[in-house]
Amino acid sequence: MGTIIVLIALLFIVAAAVRALVKQKKSGKGGCGCGCSGCSGMCNKK
């Protein structure tokens with residue numbers, strides 16, 4: 001029973017982290033974390 005509770009808690013934490021990353025990416029705040037003036041263009045390559 002304890003294993004199931006831990007599994008559910010971990011899944012919740014991972015889902016929350018992924019949701020936060022997607023939200024940051026959509027708002028334009030995601031990326032490498034360095035400023036655009038010093039960017040070599042590696043962050044924008046797809």
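- I8 CD1 to I13 CD1: the interatomic distance, rounded to the nearest 0.5 Å, is 12.5 Å.
- Annotation for L7: hydrophobic cluster partners, listed by chain and number, are L11 (ILVMFWY side-chain heavy atoms under 4.5 Å, direct or chained).
- With a 4.5 Å cut-off between side-chain heavy atoms of Ile, Leu, Val, Met, Phe, Trp and Tyr, the cluster of V22 takes in V14, V18.
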